[in-house]
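The block underneath contains the structure these notes are about, expressed in structure tokens.
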Amino acid sequence: KAGVTQTPRYLIKTRGQQVTLSCSPISGHRSVSWYQQTPGQGLQFLFEYFSETQRNKGNFPGRFSGRQFSNSRSEMNVSTLELGDSALYLCASRTGPSSNQPQHFGDGTRLSIL
Amino acid sequence: AQTVTQSQPEMSVQEAETVTLSCTYDTSENNYYLFWYKQPPSRQMILVIRQEAYKQQNATENRFSVNFQKAAKSFSLKISDSQLGDTAMYFCAFMGANDYKLSFGAGTTVTVRA
């Protein structure tokens, strides 16, 4: 079974631009979560989607948004990019939103802001 | 909010030897799940082992085992017969029974020496 697939693997943008990251979950997984990983802040939760609905959101500004499609694929969008948005963005999927189901992660998208 | 603490930023171990990583957490919940994830230089976050708080028996996965002390809120990971491929950053993570996100520790970098 294929794992979680994130595209692109690397991305370079400049301040003020916007970016869209994509995540395809493991087949059969309907819950997708996004995390931001930085050296200073570590791993922080961004949001979770299930059945095309955002169920939970972390403590991030409104510039960070996302959506989920009917096939469970998810996209994350960051507008008006800032230098501090440089990070590894990880997507994780699981079968459903129940906490007893472990999350499986993709390889991440490395976003660099110049 | 749950807090997960990993007090060892780095650890080094000789190939074939054993290393133990420490993790403590703070929660008022009685039911929850604990995880150890491994992140090698390839970046993918890989689930190593999972422990349900209501289970007294410590989880084991091949060379990986945990020592779960619920009263002490401690969840250490033991890697036996260390292999070069175990070189990675290891994250301890917590999820409450009614929670939607993983709360991660800062991570411990493990280097296995030949």
Would one find more than 12 heavy atoms of other residues, nucleotides or ligands at under 6.0 Å from atom NZ of B:K78?
no
Neighbour count above 12 (heavy atom, 6.0 Å) for A:R15 CZ: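 Open.
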In Å and rounded to the nearest 0.5 Å, what is the [atom1] to [atom2] distance from [X] to [Y]?
X: B:R50; Y: A:Q103; atom1: CZ; atom2: CD; value: 11.5 Å
X: B:Y100; Y: A:S33; atom1: OH; atom2: OG; value: 10.5 Å
X: A:N56; Y: B:K101; atom1: CG; atom2: NZ; value: 9.0 Å

So which part of B:I46 gets closer than 4.5 Å to some heavy atom of chain A, the side chain, the backbone, both or neither?
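When you check distances to chain A, no heavy atom of B:I46 falls under 4.5 Å.
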- Task: Please flag which part of B:F91 lies under 4.5 Å from any non-hydrogen atom of chain A: side chain, backbone, both or neither.
- Result: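 The side chain, not the backbone.
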Distance-only donor-acceptor hits, side chain of residues 107-114 of chain A, under 3.5 Å, sequence neighbours excluded:
{"unit_1": "A:D107", "atom_1": "OD2", "unit_2": "A:R9", "atom_2": "NH1", "d": "3.3"}
{"unit_1": "A:T109", "atom_1": "OG1", "unit_2": "A:P8", "atom_2": "O", "d": "2.5"}

Donor-acceptor list for residues 104-114 of chain B side chains, cut-off 3.5 Å, not counting sequence neighbours:
{"unit_1": "B:T108", "atom_1": "OG1", "unit_2": "B:Q6", "atom_2": "NE2", "d": "3.4"}
{"unit_1": "B:T108", "atom_1": "OG1", "unit_2": "B:Q8", "atom_2": "O", "d": "2.6"}
{"unit_1": "B:R113", "atom_1": "NE", "unit_2": "B:Q14", "atom_2": "OE1", "d": "3.4"}
{"unit_1": "B:R113", "atom_1": "NH1", "unit_2": "B:S12", "atom_2": "OG", "d": "2.5"}
{"unit_1": "B:R113", "atom_1": "NH2", "unit_2": "B:Q14", "atom_2": "OE1", "d": "2.9"}

- Query: Is B:Y37 reaching over with its side chain to a backbone N or O of A:F105, donor-acceptor style, under 3.5 angstrom?
  - Reply: no
Run the numbers on A:L88 and B:Q39 for side-chain contact (heavy atoms from CB on, under 4.5 Å), then give the verdict.
CA-CA 12 Å; A:L88 179 66; B:Q39 188 177 40; 3.7 Å; yes
Joint cluster assignment, [X] & [Y], ILVMFWY side-chain distance < 4.5 Å:
X: A:V32; Y: A:Y89; value: yes
X: A:V19; Y: A:Y35; value: no
X: B:L34; Y: B:I49; value: yes
X: B:F75; Y: B:V4; value: yes
X: B:V48; Y: B:M45; value: no

Next item on the list: Could you list which of residues 65-83 of chain A have a heavy atom closer than 4.5 Å to any heavy atom of chain B, in residue-number order?
Entry: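 Within residues 65-83 of chain A, no residue comes under 4.5 Å from chain B.
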Original post:
For chain B, which residues of residues 36-46 of chain A have at least one non-hydrogen atom nearer than 4.5 Å to it?
Top reply: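 Listed by number: A:Q37, A:L43, A:F45.
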Less than 4.5 Å to any heavy atom of chain B: does that hold for the side chain of A:F47, its backbone, both, or neither?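 Contact with chain B is absent: no heavy atom of A:F47 under 4.5 Å.
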